[in-house]
Structure formats: structure tokens, C-alpha cells
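Only one structure is covered here, and it is reproduced in the block below.
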Amino acid sequence: MDSLILPGHPDFYPTLYGHLPPVSGGQEHINFVVRPGELLMSPVSEAELRDYLNSGEYDDRLSEIGDTDELDTD
């Protein structure tokens, strides 16, 4: 279960400034994504990350934030 880190918690400022606290569960790599329509990052597995990138969800998020750079394949 994910926990909410509030001001006053020892991990609040490190998390706020980009230094994420250690995550339990024995995973070596933790991936985070921001889903379309959301403002917070969510942790995802490797399989969920691949799905996020290949399903068009990533492209939808880029459109939301105004990043319209496309790879030119010509």
C-alpha cells in the first residue's frame, strides 16, 4: 500500500526536491509515470511502463503538457 508523505514527515522535503525515499518490496528499479489527467506520479512495474509507453497514454500526457515534438522519420 502506498503512503502519503505529508509536511513534517522526514521524507517530505527529500521527496519534494526529487530525492525519493527508499521503496520496500525488494524491487531494484521503480518506475514512475504521470497519467493523462493526473498531476501526481504513480509507481508502475516494468510491464506497466511498457504498456504506458506503447498504448498511447504517454503521447496523451505529452499533448497535455504541450510537448508536441515528433520524431521525423523521413
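- For the atom pair L49 CG and N54 CG, the distance stands at 9.0 Å (nearest 0.5 Å).
- Contact between P36 and D60 at its shortest, heavy atoms only, is CG-CB, 3.7 Å.
- The closest donor-acceptor contact from the side chain of E57 to the backbone of D51 lies at 3.5 Å or more, if one exists at all.
- Under a hydrophobic clustering in which Ile, Leu, Val, Met, Phe, Trp and Tyr are joined whenever their side-chain heavy atoms come within less than 4.5 Å, directly or via other members, L40 and Y52 fall into different clusters.
- For the atom pair CZ (R35) and CD (E64), the distance works out to 12.5 Å, reported to the nearest 0.5 Å.
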